[in-house]
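Bear in mind that the values here come from a model prediction, so they are computed numbers and not experimental data. Proteins come first, then strands; the chains are lettered A, B, ... in the order of their sequence lines, and each starts at number 1.
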Amino acid sequence: MAQISLTFPDGNSRDYEAGVTPQEVAASISKSLSKKAVSAQIDGRHWDLQWPVEHDAAIAINTNDDPAPALELIRHDLAHIMARAVQEIWPDVQVTIGPVIENGWYYDFDRAEPFTPDDLGRIEAKMREIIAARDPVRTEIWERDRAIAHYRERGEPYKVELIEAIPGDEPLRMYWHGEWQDLCRGPHLQHTGQVPADGFRLMSVAGAYWRGDSTRPMLQRIYGVAFRTKAELAAHLTMLEEAARRDHRKLGREMDLFHMQEEAPGQVFWHPNGWSIYTSLQDYMRRMQRAHGYVEVNTPQVVDRKLWEASGHWDKYQEHMFIVEVDEEHAREKAINALKPMNCPCHVQIYNQGIKSYRDLPLRMAEFGSCNRYEPSGALHGIMRVRGFTQDDAHVFCTEEQIEGECARFIDMLAQVYRDLGFESFDIKFSTRPEKRVGSEESWDYVETALENAIKATGHPYTLDPGEGAFYGPKLDFKLTDAIGREWQLGTFQVDPNLPERLNASYVAPDGAKRRPYMLHRAILGSFERFIGILIENYEGKLPFWLAPRQVVVASIVSDADGFVGEVTDMLRKNGIRAEADTRNEKINFKVREHSVGKVPVILAVGAREVEERSVSVRRLGDKGTRSVDLDTLVAELSAEAAAPDRR
RNA sequence: GCCGCAGUAGCUCAGAUGGUAGAGCAACGCAUUCGUAAUGCGUGGGUCGGGGGUUCGAGUCCCUUCUGCGGCACCA
């Protein structure tokens with residue numbers, strides 16, 4: 001029997017017979033390790049304790065104390081245990097796939113009747129039985145034909161399709177959890193008792209297309225979450241409650257920011273408080289754009305289809321556009337228009353007025369462009385995904401040599417904006433040519449290289465996302481992480497050689513020749529609607545002072561103070577602070593509670609003493625105590641704080 | 001768009017088995033003038049998402065439609 005040498009994490013190595021399993025290796029080290037072992041890493045690859053090792057390798061034994069492999073195994077085994085439980089309860093249900101995902105797993109089933117929330121309880125109970133039974137897990141490698149025949153015989157076409165999609169040179173592995181069998185690449189735990197019976201929960205049922213393809217059958221998906229301990233599960237559930245507390249739809253109502261109604265699905269009715277946030281943000285962005293060399297324009301909402309045909313959107317996105325037909329009685333000629341779903345074709349129209357010289361480039365053209373897109377009904381979500389929205393959109397017309405500089409300039413601006421708005425870091429994703437695309441391979445080669453050089457030159461780290469570019473060009477996407485760790489994709493920077501071509505944009509080069517400019521599509525916030533939703537959730541409604549719709553409430557403690565309350569409120573307003581007086585006949589406790597719940601950053605209480613001293617008692621949102629401040633100090637303090645970050 | 005769930009007062013929600021609606025908070029009125037997260041009492045408020053049907057009778061049962069929610073798909 002051949003010998004192999006296995007090297008342990010401490011650098012020592014030991015010889016074993018080829019085909020030794022990590023379980024045997026662990027047992028050779030100590031009894032306790034063999035008991036605690038859950039899986040191994042063989043040359044860095046996650047390895048089942050039952051799989052033989054045939055060659056020299058680096059080996060590490062994983063135990064339940066190694067979170068990443070342990071969670072992977074627990075979740076993966078639970079996926080199988082759940083599938084087994086479902087088939088034990090409903091033998092006619094077909095199983096398909098069940099991968100591990102963030103925080104848990106899901107498994108997709110084919111079943112005529114959808115699962116009900118009540119079914120989840122039954123399934124969970126059955127799963128606990130399986131866990132309590134401590135059924136052994138075993139695995140075998142099967143011949144392809146045998147596996148296909150097995151699933152054909154059982155009438156499991158989904159599994160047959162899965163097997164057929166696995167490359168021919170890859171071994172097919174079967175796993176058994178007790179008597180229950182599933183095709184699976186593994187690794188798995190050693191018996192069902194190794195998953196924590198109190199560390200998981202089935203969360204929800206949802207439809208999901210087979211293989212993610214909307215033309216294929218819809219399966220029933222069950223989602224579960226799982227952790228190593230009951231405490232970790234509880235912490236996760238608490239985090240979900242935290243996210244629900246921050247929900248912008250809930251806070252939007254509580255803070256009286258906006259509403260939506262069924263007569264205008266996917267569109268926002270901004271209330272005074274919400275519109276205040278919107279305009280503060282827009283004013284800030286307008287100043288930033290000016291400071292970074294943009295000109296601002298505004299273009300029509302209703303545009304003849306001829307322009308959309310020319311730009312290519314009519315062909316590609318017609319079903320997502322609001323089409324506007326004017327009644328012939330009202331129009332001389334029947335015209336078919338569309339609400340603009342984006343601003344770029346209109347910006348090219350402005351660019352095309354007059355002849356442009358290379359001296360005019362780069363031309364940075366910005367618009368707070370109101371767009372309408374007929375988003376699929378299932379995509380709508382609060383103010384985050386809507387049908388009517390406004391982008392902080394801009395297009396940079398430039399030469400190919402200018403792409404790199406414009407990219408760097410854009411990232412500078414974006415970094416400053418994100419920092420000003422309370423997000424310290426962001427991730428960059430570089431997306432290259434997709435399968436469906438326009439333009440020559442040479443052109444793609446050129447712009448991908450240019451964009452990659454540009455991003456490299458800025459020194460920002462980035463990850464590659466092959467095949468995810470726009471149909472007309474490669475792009476950079478910018479993602480940030482919010483206060484509770486959720487990621488949001490916001491900014492974008494896209495190189496487009498296509499639209500200038502289609503809409504015949506040109507400039508006169510130094511040699512007198514007519515050339516095509518490149519067009520760079522870029523946005524930092526994305527849409528105001530979505531970004532404000534993100535801000536609300538990130539800050540849990542407690543917006544920074546400069547963005548808060550009601551910055552200060554001046555509340556009287558006794559009605560004798562009402563006059564002074566009015567005086568203080570007026571003075572703050574004259575100094576540009578959004579202040580309101582609250583002289584209702586209510587106790588100060590009541591007013592403090594109400595305005596605290598309403599997320600007003602500063603409450604000023606005024607009673608007899610303050611009137612006497614011409615001062616106010618300042619209470620900050622989130623603070624317990626108060627302090628007494630004279631009016632001059634108050635105005636100086638609040639004015640400084642009310643200034644937007646770019647004005648400090 | 002697809003699968004599932006839901007829609008009752010401004011908000012949160014209750015209304016076995018069909019017998020024409022109820023609570024808390026909010027609003028409004030009165031009293032109370034009170035020192036930092038809910039003062040007391042009283043009053044008003046709903047064509048039960050829309051349309052159609054079954055029935056003597058529908059919030060409740062059936063059909064249809066709209067909207068929302070959770071996923072999937074989509075996201076120029």
Side-chain angles (χ1 to χ4, degrees), chain A residues 106 108 111 113-117 119 203-223 247 249-250 253-254 256 259-266 308 311-313 315-321 340-345 371 373-382 384-387 389 391 393 434 469-473 475 489 492 494 496 498-499 521 526-527 530 555-562 583-598 603-610 617-628:
Chain A
Y106 67 77
D108 286 346
R111 180 180 185 230
E113 289 286 297
F115 295 104
T116 66
D119 291 339
M203 300 297 283
S204 57
V205 193
Y209 297 110
W210 168 236
R211 315 213 93 188
D213 183 341
S214 60
T215 64
R216 313 212 50 189
M218 179 149 290
L219 307 173
Q220 304 296 325
R221 175 173 297 178
I222 301 178
Y223 284 94
D247 192 310
R249 293 164 297 192
K250 179 172 168 283
R253 190 170 48 237
E254 287 171 4
D256 196 14
H259 86 273
M260 304 177 87
Q261 63 186 52
E262 58 179 277
E263 286 80 358
W308 305 116
S311 69
H313 292 98
D315 269 353
K316 209 162 162 42
Y317 294 107
Q318 195 187 145
E319 61 178 322
H320 297 297
M321 289 163 77
K340 71 172 169 187
M342 51 178 7
N343 309 298
C344 21
C371 295
R373 294 180 185 174
Y374 189 78
E375 299 285 3
S377 56
L380 302 178
H381 176 84
M384 300 269 211
R385 186 83 185 268
V386 286
R387 288 180 176 159
F389 56 94
Q391 297 174 310
D393 196 14
F471 71 92
Y472 48 74
K475 61 176 181 171
Q489 187 170 310
T492 189
Q494 312 176 354
D496 183 1
N498 175 54
L499 198 61
H521 307 251
S527 92
R530 189 164 106 103
S556 56
I557 296 172
V558 291
S559 54
D560 285 349
D562 288 357
T583 55
R584 291 174 303 171
N585 177 12
E586 296 289 352
K587 292 173 74 165
I588 192 65
N589 286 297
F590 179 88
K591 295 182 184 180
V592 166
R593 180 183 149 78
E594 188 175 280
H595 300 307
S596 298
V597 169
I603 299 170
L604 304 177
V606 176
R609 196 164 65 227
E610 285 74 17
S617 165
V618 182
R619 185 191 168 102
R620 293 253 168 192
L621 184 60
D623 289 358
K624 286 204 182 95
T626 65
R627 65 201 174 92
S628 180

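- Separating the CD atom of A:E263 from the P atom of B:U65 is a distance of 19 Å, rounded to the nearest angstrom.
- Remark: A:D119 pairs with A:R111 by the salt bridge (charged side-chain N to carboxylate O under 4.0 Å, His left out) rule, at least two apart or across chains.
- The partner of B:G35 is absent, by the rule that a Watson-Crick or G-U pair needs both atom distances under 3.5 Å.
- For A:D213, the side chain to side chain donor-acceptor pair (under 3.5 Å) partners two or more places apart in sequence, or in a different chain, are A:T215.
- With a cut-off of 3.5 Å on both Watson-Crick or G-U wobble distances, the partner of B:G46 is given as none.
- Tested against A:R249 for a side-chain contact (heavy atoms from CB on, under 4.5 Å), the candidates A:M260, A:H259, A:H381 yield a single pass: A:H381.
- Scanning for salt bridge (charged side-chain N to carboxylate O under 4.0 Å, His left out) contacts around A:E586 gives an empty result, with sequence neighbours left out.
- Distances shorter than 4.0 Å separate none of the side-chain N or O atoms of A:R216 from OP1 or OP2 on B:A73.
- Between the P atoms of B:G42 and B:G51, the separation comes to 37 Å (whole Å).
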| request: I would like to know whether A:M342 and A:Y317 meet side chain to side chain contact (heavy atoms under 4.5 Å, CB included); could you show each step before the answer? | output: CA-CA 11 Å; A:M342 51 178 7; A:Y317 294 107; over 6 Å; no
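- The salt bridge (charged side-chain N to carboxylate O under 4.0 Å, His left out) check on A:D560 picks up nothing, with sequence neighbours excluded.
- With both ends at atom P, the span from B:G10 to B:G70 equals 23 Å, rounded to whole Å.
- Close to B:C74, at under 4.0 Å from its OP1 or OP2, lies no side-chain N or O of A:Y317.
- Ring pair A:W308/A:H313 is perpendicular by interplanar angle, where above 60° counts as perpendicular and below 30° as parallel.
- Taking atom CG of residue A:L380 and atom C1' of nucleotide B:G70, one finds them 14 Å apart after rounding to whole Å.
- Whole-Å rounding puts the A:K250 NZ to B:G10 C1' distance at 16 Å.
- Nucleotide B:G7 has B:C66 as its partner under the Watson-Crick or G-U criteria, with both atom distances under 3.5 Å.
- In this structure, the CE atom of A:M384 is 18 Å from the C1' atom of B:C74, given to the nearest Å.
- Ranked by how close their nearest RNA chain B nucleotide is to the 5' end, A:F471 and A:S204 are led by A:S204.
- The separation of B:A26 from B:A9, taken at their C1' atoms, amounts to 10 Å, rounded to a whole angstrom.
- A gap of 43 Å separates the P atoms of B:G15 and B:C75, to the nearest Å.
- Of all nucleotides present, only B:C41 satisfies the Watson-Crick or G-U wobble test against B:G29, with each distance under 3.5 Å.
- Backbone-only engagement by A:Y472 is indicated by non-hydrogen atom pairs under 4.0 Å involving sugar-phosphate atoms exclusively.
- Among residues two or more places apart in sequence or in another chain, the side chain to side chain donor-acceptor pair (under 3.5 Å) test is passed with A:D393 by A:N343.
- Within the structure, a side-chain polar atom (N or O) of A:R249 is placed less than 4.0 Å from OP1 or OP2 of B:C69.
- Rounded to a whole Å, the CH2 atom of A:W210 is 14 Å from the P atom of B:A73.
- Legend: residues meeting salt bridge (charged side-chain N to carboxylate O under 4.0 Å, His left out) with A:K250, ordered by chain and number and at least two apart, are A:E254.
- A distance of about 12 Å separates the C1' atoms of B:G50 and B:G7, rounded to the whole Å.
- Phosphate contact (OP1/OP2 of B:G68, side-chain N/O of A:H381, threshold under 4.0 Å): absent.
- Screening A:R620, A:R619, A:R627 for a side-chain contact (heavy atoms from CB on, under 4.5 Å) with A:D623, the sole residue that qualifies is A:R620.
- A 3.5 Å limit on both hydrogen-bonding distances identifies no Watson-Crick or G-U partner for B:U54.
- The P atoms of B:U65 and B:U43 are separated by 45 Å, rounded to the nearest whole Å.
- A distance of about 23 Å separates the P atoms of B:C66 and B:G59, rounded to the whole Å.
- No hydrogens or angles were tested; on distance alone, nothing pairs the side chain of A:R373 with the base of B:C74 as donor and acceptor under 3.5 Å.
- Here B:G18 sits opposite no nucleotide as a Watson-Crick or G-U wobble pair (both hydrogen-bonding atom distances under 3.5 Å).
- Rounded to whole Å, the distance from CD on A:Q261 to C1' on B:G50 is 15 Å.
- A syn base is found at B:A16: its glycosidic angle is within 90° of 0.
- Regarding A:H259, its NE2 atom lies at a distance of 14 Å from the C1' atom of B:G68, rounded to whole Å.
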| said: Set out, in order, the CA-CA distance, both residues' side-chain angles and the distance that settles side chain to side chain contact (heavy atoms under 4.5 Å, CB included) for A:H521 and A:Q391, then state yes or no. | reply: CA-CA 12 Å; A:H521 307 251; A:Q391 297 174 310; over 6 Å; no
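- Nucleotides of RNA chain B nearest to A:D560 and A:A470 differ in position, and the one nearer the 5' end is that of A:D560.
- Taking atom C1' on both B:G18 and B:C48, the two are 15 Å apart, rounded to the nearest angstrom.
- Using a 4.0 Å heavy-atom criterion, one finds that A:G526 contacts no nucleic acid atom at all.
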Each nucleotide of nucleotides 35-46 of chain B classed B (base within 4.0 Å of a protein heavy atom), S (only sugar-phosphate) or -, in 5' to 3' order, makes BBBBB-------
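- In this structure B:A73 sits in no base pair that meets the Watson-Crick or G-U test at under 3.5 Å.
- Qualifying ring pair (Phe, Tyr, Trp, His ring centres under 6.0 Å) partners for A:F389, counting only residues two or more places apart in sequence or in other chains: none.
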Each nucleotide N or O in nucleotides 1-7 of chain B that has a protein N or O under 3.5 Å away: list the pair and distance.
residue	atom	partner	partner atom	Å
B:G1	OP2	A:S377	OG	2.7
B:G1	N7	A:G378	N	3.1
B:G1	O6	A:G378	N	3.4
B:G1	N2	A:Y209	OH	2.5
B:C2	O4'	A:Y209	OH	3.2
B:C3	O2	A:G207	N	3.3

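- Between the CG atom of A:D108 and the P atom of B:G71 there is a distance of 15 Å, rounded to whole Å.
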